[in-house]
**Student:** 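One structure, pasted below without further comment.
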Amino acid sequence: LRAQVARYLLGVGRPEDAFATAEGAREELDAPGFPAAPSSAVAWVHAVHARCALNVEQDDLARASAERAVEVARAGGHAGV
């Protein structure tokens, strides 16, 4: 849900809030009990984080998140990646 909120915040011109929200979404991936298996949802969180990072000029972080999104999507066998 946080990734969707982050996308909304980008859309309404609040990139700093979007980035903070995306950071929270990404941190949740490391929470105890979160499924460790690669999934499209996990890849999407990393992809949204990458986009938000670009909007606040965190280029290195954006690249790392984008690469992680592709890695997770491929590991999960998701087509189109």
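Hydrogens, waters and symmetry mates are skipped; everything else that's a heavy atom, side chains included, is used.
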**Student:** Looking only at heavy atoms, what is the nearest atom pair of Ala6 and Thr21, with distance?
**Tutor:**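 Residues Ala6 and Thr21, closest heavy atoms: N-CG2, 4.0 Å.
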**Student:** Taking all non-hydrogen atoms of both residues, which atom of Arg26 and which atom of Leu61 are closest, and how far apart?
**Tutor:**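 Distance-wise, the nearest heavy atoms are NH1-CD1, 3.8 Å.
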**Student:** State, to 0.1 Å, how close Ala18 and Cys52 come at their nearest heavy-atom pair, and which atoms those are.
**Tutor:**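 For Ala18 and Cys52, the tightest heavy-atom pair comes out as O-SG, 3.7 Å.
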**Student:** Could you report the tightest heavy-atom contact between Val45 and Ala3, atom names first, then the distance?
**Tutor:**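 Closest pair (atom of Val45, atom of Ala3, distance): CG2-CB, 4.2 Å.
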**Student:** Give me the other members of the hydrophobic cluster that Trp44 sits in, counting Ile, Leu, Val, Met, Phe, Trp and Tyr linked by side-chain heavy atoms under 4.5 Å, directly or via other members.
**Tutor:**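 Noted: Trp44 shares its cluster with Val48.
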**Student:** For Gly24 and Arg2, work out which heavy atoms get closest and say how close.
**Tutor:**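 Closest approach of Gly24 to Arg2, heavy atoms only: CA-NH1, 3.3 Å.
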**Student:** Mind checking what makes side-chain hydrogen bond (donor to acceptor under 3.5 Å, both in side chains) contact with Arg51, not counting sequence neighbours?
**Tutor:**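 So Arg51 forms no side-chain hydrogen bond (donor to acceptor under 3.5 Å, both in side chains) with any residue.
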**Student:** Hydrophobic clustering (ILVMFWY, side-chain heavy atoms < 4.5 Å, transitive) - are Leu54 and Phe19 grouped together?
**Tutor:**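 Cluster IDs for Phe19 and Leu54 differ.
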**Student:** With rounding to the nearest 0.5 Å, note down the distance linking CG in Leu29 to NE2 in His46.
**Tutor:**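 One finds 5.0 Å between CG of Leu29 and NE2 of His46.
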